[in-house]
Amino acid sequence: MTDQNQTEYDIFSIQEKWLPIWDELKPFNSGNADDSRPTKYVLDMFPYPSGDLHMGHAEAYALGDVIARYWVQKGFNVMHPIGWDSFGLPAENAAIKRGLDPKGWTYDNIAQQRSSMRRYACSFDWDRVLITSDPIYYRWNQWLFLEFYKRGLAYRKNSNVNWCPSCQTVLANEQVVQGLCERCDSVVTKKALTQWYFKVTEYADRLLDDLDTLEGNWPSKVLSMQRNWIGRSYGAEVEFEIEGRTEPVTVFTTRPDTLFGATFMVVAPDSDLAAELASGADASVRAAFQDYLEQVKKSNDIERLATDREKTGVFLGRFAINPVNGARLPIWAADYVLSDYGTGAIMAVPAHDDRDMSFAVKFDLPVVTVVDTGEDDPAVTKVATSGEGVLIASGEFNGLAKAEAIQAITDHLANAGKAKVAKNFRLRDWLISRQRYWGTPIPIIHCDVCGEVPVPAEQLPVELPSAAGLDLKPKGSSPLGAASDWLNVNCPSCGGDARRDSDTMDTFVDSSWYFLRFLSPNSTDAAFPVDEAKRWAPVDQYVGGVTHAILHLLYARFFTKALHDMGLVDFEEPFTRLLNQGMVLMNGSAMSKSRGNLVALSEQLDEHGVDAVRLTMAFAGPPEEDIDWADVSPSGSAKFLARAWRAANDVTSGVDVDFKAGNPALRKATHSFLRDFGPLIEGFKFNVGVAKVMELVNATRKAIDGDVGGADPAVREAVQTVAKALSLFAPYTAEDMWQLLGHAPGVALAMLPEADLSLLVENQVVAIVQVDGKLRDKFEVATDITKDELQALAFDSNAVKRAIGDREIAAVIVREPKLVNIATMG
RNA sequence: GCCCCUUUAGCCCAAUGGCAGAGGCAGACGACUUAAAAUCGUCACAGUGUGGGUUCGAGUCCCACAAGGGGCACCA
């Protein structure tokens with residue numbers, strides 16, 4: 001049965017041999033209508049086609065493949081699709097640099113990655129592929145945009161937005177990291193622009209609360225980052241009368257219990273309120289405010305967020321009245337108050353808030369202590385005390401603790417119509433307009449008569465015009481504005497002259513719903529089929545890097561909830577289970593050309609073979625930890641694979657031997673492996689799973705070389721088990737082993753059997769005896785030994801007697817049949 | 001400053017509260033070989049970051065601290 005030419009393991013000829021056969025076999029097709037297997041949806045985060053695959057992709061896809069292939073072997077119809085997140089700036093920048101069309105660059109890279117994925121033996125269903133820059137895909141971005149628009153979830157507003165002067169485009173809040181553009185690290189500035197937004201905040205509560213349902217199935221780190229980002233805080237909105245103004249000003253506070261300690265009010269300098277209050281003051285105040293406003297506008301977030309920065313601000317010459325005690329509070333404008341959070345105005349309680357305290361110290365404002373926390377008085381120390389305590393100097397509320405005080409004071413003011421319970425979110429609406437070319441055109445037409453007019457559904461997609469003749473260089477307005485043939489259209493409503501919106505959508509829109517598009521990637525009837533979504537979605541297992549912990553996952557969750565409310569899906573969370581793999585490092589740091597520590601995937605594959613690289617990724621350690629390529633050994637992996645392969649070559653029994661006649665010890669090893677393997681894979685302990693396969697191979701080797709011999713049925717059973725398990729990590733080697741064992745191609749579809757637990761029953765076990773927790777003796781006993789028998793045996797042991805000496809026995813713990821612990825006095 | 005994770009052999013990493021070692025790398029030795037490589041086999045190496053506590057028993061649970069990594073950080 002053995003191929004005579006194959007006496008030595010040669011991974012490279014094995015790779016060449018099997019690729020075309022798999023192309024024919026298509027073992028991972030998930031689209032057969034008469035497939036009766038239960039469904040499972042395993043999804044890898046799709047790549048951006050910025051070049052060929054790199055080590056990071058290799059890790060992610062190796063790990064995703066372990067899971068996808070595992071479920072296939074457990075009898076599931078696994079949908080494991082792939083696509084490309086192919087709109088976005090790198091294509092545009094590359095095009096500008098080389099004078100090419102972004103399209104050509106993008107699709108060349110996709111072809112390259114696709115061929116590398118095939119060679120890497122990813123278990124993708126190649127009949128389910130999508131590319132977000134295809135009109136057939138982004139048409140549905142536009143359709144969804146318009147559906148959102150109908151429901152008020154997409155809207156346009158003018159505000160101060162994040163602006164990257166280098167990318168020459170606006171950025172979402174989420175794309176600004178430490179005041180820098182996440183893409184190019186330029187200092188982000190502010191710019192007042194009218195832009196499109198998705199109303200994520202409408203879902204803020206659900207986005208936060210539903211994280212609880214993911215507990216245990218998503219990494220806790222991601223859950224906490226999302227919670228942090230959404231940032232819900234409860235408190236009260238309190239109205240303050242303003243001298244010389246009819247309307248009161250509402251402030252949001254999480255500490256209504258400290259109201260008696262409010263000594264001034266602060267408003268955001270860039271708010272309308274600040275301007276209005278200043279305009280009612282005298283000339284010198286107005287001038288000072290204008291100066292300050294200019295200064296604030298010039299500063300960027302880097303400066304603003306520096307923690308050691310001194311507080312700045314100007315007095316607006318106006319006063320508010322504290323609703324609890326009638327105190328006159330000076331109103332200041334200061335940039336530590338943000339115009340787009342809460343109401344853009346706060347009551348300042350320096351005694352119990354660090355920020356207010358440093359402001360009070362800087363400008364010599366009074367400090368009134370109203371909570372006794374047992375610490376030194378902040379009015380004296382000038383150090384705010386923000387902890388729990390008892391109310392003082394708060395009139396009828398004195399003596400109350402924090403929670404009661406919050407309740408009581410809020411209720412008291414609410415009765416007078418001056419306050420209400422409120423909550424606020426750190427989360428802002430999602431700014432989706434981008435002033436760039438390579439993205440989905442926003443399907444809105446601007447008409448001087450009719451205003452914003454949606455492009456009628458039957459006119460979708462609004463295709464991108466060719467880049468030929470367009471200047472793609474960033475210049476602060478969309479390159480599409482210059483495509484006049486494309487831009488100028490008739491208004492769908494009145495037929496008059498009108499213009500298309502020339503901005504394109506943030507590419508995170510593309511990836512917010514792509515997991516649904518895989519259900520029918522080529523459909524021109526709908527974004528996705530609702531009935532298929534019921535069958536396949538949500539995604540059972542999502543695999544990808546933690547870099548998307550906030551942005552992508554939050555947006556996809558928002559889309560899912562919106563689609564749920566539109567009646568298009570029947571679930572509210574898109575990704576039931578999430579695995580974040582770590583990064584691949586080299587010598588302790590992320591690989592980069594500039595650091596000179598880049599490891600080329602193609603070179604690794606050429607040197608060690610696909611299987612050894614994949615196995616190394618899985619074996620290196622827990623998947624969520626980083627892998628330092630300097631610490632692992634792909635050549636060691638290759639050595640092991642050769643060892644496994646040779647075991648298959650040494651099997652001399654026929655395909656249909658009866659395993660029951662096999663060597664009991666080796667059968668036991670095989671079935672103990674089968675018992676352990678599944679839970680390890682399902683618990684993402686791939687490294688331990690691989691170690692178990694190695695253990696079984698070692699046991700098999702010993703059996704073959706020892707008394708058992710290669711003809712024993714247990715050897716075949718063991719090696720077949722190895723081949724199946726190994727196909728999760730090393731598909732080429734496993735397939736070749738499968739053939740050596742006399743099977744038709746398709747080890748990936750071979751079922752992983754359940755362990756026969758009856759083979760694992762022990763009737764003898766080693767019992768240990770401890771004295772005061774220290775091991776003193778051990779001996780074999782029957783597994784059904786009684787407690788008394790075991791205890792008697794323990795006291796019979798000379799070693800135990802010696803250990804006890806003449807001390808008195810305090811307690812004897814017996815855990816039959818494996819343990820006796822004798823505790824002595826003293 | 002706040003929160004989270006990690007810390008086990010020279011290295012990467014295992015260990016339902018019950019004998020610290022499953023697996024690998026790097027080593028040493030042996031067999032095979034004229035020799036080497038490959039292969040096969042054997043072996044050594046830590047008492048689990050530090051200090052307390054709970055327990056009959058702690059790598060595992062609790063508290064504090066240290067080091068490394070990550071996240072958040074003027075959001076009222």
Side-chain angles (χ1 to χ4, degrees), chain A residues 8-9 178 219-229 231-233 235 251-255 258 262 266 268 301 304-309 311 334-338 340-349 352-356 358-359 386 424-428 546 549-550 582 588 615-616 619-622 624-637 639-640 642-643 646 676 680 685 687-698 701-702 704-706 766-778 809-815 818-824:
Chain A
E8 275 184 35
Y9 174 74
Q178 306 278 300
S220 51
K221 180 179 166 182
V222 175
L223 294 175
S224 94
M225 284 168 76
Q226 293 244 338
R227 288 193 178 105
N228 223 323
W229 188 263
R232 178 170 58 198
S233 46
V251 306
F252 173 73
T253 176
T254 56
R255 294 294 304 273
T258 62
V266 188
D301 278 3
R304 202 182 63 80
L305 292 174
T307 42
D308 51 353
R309 194 176 70 116
K311 290 277 183 289
D335 67 356
Y336 81 93
V337 172
L338 309 176
D340 59 351
Y341 182 80
T343 60
I346 63 158
M347 64 175 208
V349 184
H352 307 295
D353 183 286
D354 287 330
R355 299 153 299 181
D356 297 342
S358 45
F359 194 84
S386 55
N424 257 302
F425 295 91
R426 189 181 173 281
L427 182 72
R428 310 293 204 271
V546 74
I550 297 177
L615 185 71
T616 302
F619 184 55
E624 56 278 3
E625 300 292 319
D626 291 343
I627 298 172
D628 194 326
W629 203 248
D631 289 337
V632 296
S633 173
S635 59
S637 300
K639 236 166 80 177
F640 163 71
R643 189 172 155 85
R646 282 195 304 273
D676 295 343
L680 287 170
K685 297 181 150 195
N687 55 327
V688 187
V690 173
K692 295 281 181 201
V693 182
M694 290 172 168
E695 206 178 348
L696 184 56
V697 169
N698 291 345
R701 182 80 261 156
K702 271 192 181 138
I704 293 170
D705 292 347
V766 175
I768 61 166
V769 185
Q770 301 174 334
V771 176
D772 294 323
K774 289 195 184 66
L775 178 70
R776 293 304 181 189
D777 200 4
K778 50 177 150 183
I809 309 293
V812 182
I813 285 85
V814 184
R815 294 277 181 272
K818 288 176 83 172
L819 177 124
V820 178
N821 189 11
I822 299 161
T824 65

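In this text, all values refer to a predicted model and were calculated from it rather than measured experimentally. Just so we're on the same page: letters track the sequence lines, and every chain starts at 1.
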| request: For residues A/A348 and A/V266, report the shortest heavy-atom separation together with the two atoms involved. | output: CB-CG2, 4.3 Å
| note | All heavy atoms of A/S637 vs all of A/T616, minimum pair found to be OG-OG1, 2.7 Å
Take atom [atom1] of [X] and atom [atom2] of [N], then tell me their distance rounded to the nearest Å.
X      : N      : atom1 : atom2 : result
A/K702 : B/rU39 : NZ    : C1'   : 16 Å
A/K639 : B/rG23 : NZ    : P     : 15 Å
A/R646 : B/rG41 : CZ    : P     : 10 Å
A/L696 : B/rG23 : CG    : P     : 12 Å
A/D626 : B/rG68 : CG    : P     : 17 Å
A/E624 : B/rC4  : CD    : C1'   : 14 Å
A/K692 : B/rG24 : NZ    : C1'   : 14 Å
A/M225 : B/rG70 : CE    : P     : 12 Å

Nearest to the side chain of [X] - [options]?
X      : options                : result
A/R643 : B/rG41, B/rA14, B/rG23 : B/rG41
A/V766 : B/rC19, B/rC25, B/rC13 : B/rC19
A/F619 : B/rG23, B/rG41, B/rC11 : B/rG23
A/N698 : B/rG23, B/rC19, B/rC25 : B/rG23
A/V337 : B/rC72, B/rC11, B/rA76 : B/rA76
A/D705 : B/rC19, B/rA76, B/rC40 : B/rC40

| Residue whose nearest RNA chain B nucleotide is more 5′ - A/E695 or A/L680 | A/L680
| remark: Comparing nearest nucleotides in RNA chain B, the 5'-proximal residue of the pair A/K818, A/V632 is A/V632
Let's test this: given Watson-Crick or G-U wobble pairing with both distances under 3.5 Å, identify the partner of [N].
N      : value
B/rC40 : B/rG30
B/rU48 : none
B/rG57 : none
B/rC72 : B/rG1
B/rA20 : none
B/rC25 : B/rG10

Which part of the nucleic acid, if any, lies within reach of [X] when heavy atoms closer than 4.0 Å are counted: base, sugar-phosphate only, or nothing?
X      : value
A/F640 : nothing
A/S637 : nothing
A/S224 : nothing
A/K221 : sugar-phosphate
A/K685 : sugar-phosphate

Should [X] be listed as having a side-chain N or O under 4.0 Å from OP1 or OP2 of [N]?
X      : N      : value
A/S233 : B/rA76 : yes
A/N687 : B/rA14 : yes
A/Y341 : B/rA76 : yes

| By side chain to side chain donor-acceptor pair (under 3.5 Å), which residues pair with A/N228, not counting sequence neighbours? | none
| message | According to side-chain contact (heavy atoms from CB on, under 4.5 Å), who are the partners of A/T254, at least two apart in sequence or on a separate chain? | response | A/S233, A/F252
| A/T258 side chain reached by A/M347 side chain, heavy atoms, under 4.5 Å | yes
| field | Student check: side-chain heavy atoms of A/T253 and A/I346 closer than 4.5 Å | value | no
| query | Reading nucleotides 48-56 of chain B 5' to 3', which nucleotides get B (base under 4.0 Å from a protein heavy atom), which S (sugar-phosphate only), which -? | reply | --------B
Quick one: does [X]'s side chain have a donor or acceptor within less than 3.5 Å of a partner on [Y]'s backbone?
X      : Y      : value
A/N687 : A/A620 : no
A/D777 : A/V769 : no
A/D772 : A/T824 : yes
A/D356 : A/V349 : yes
A/R643 : A/R701 : no

Taking only the [atom1] atom of each, what is the distance from [N] to [M] in whole angstrom?
N      : M      : atom1 : value
B/rA66 : B/rA58 : P     : 26 Å
B/rC61 : B/rA15 : P     : 12 Å
B/rC72 : B/rG53 : P     : 39 Å
B/rG24 : B/rG69 : P     : 31 Å
B/rA9  : B/rA64 : C1'   : 28 Å
B/rC40 : B/rU33 : C1'   : 13 Å
B/rG71 : B/rA14 : P     : 22 Å
B/rA44 : B/rU39 : C1'   : 22 Å

| request: Syn or anti for B/rG47, please, going by whether the chi angle lies within 90° of 0. | output: syn
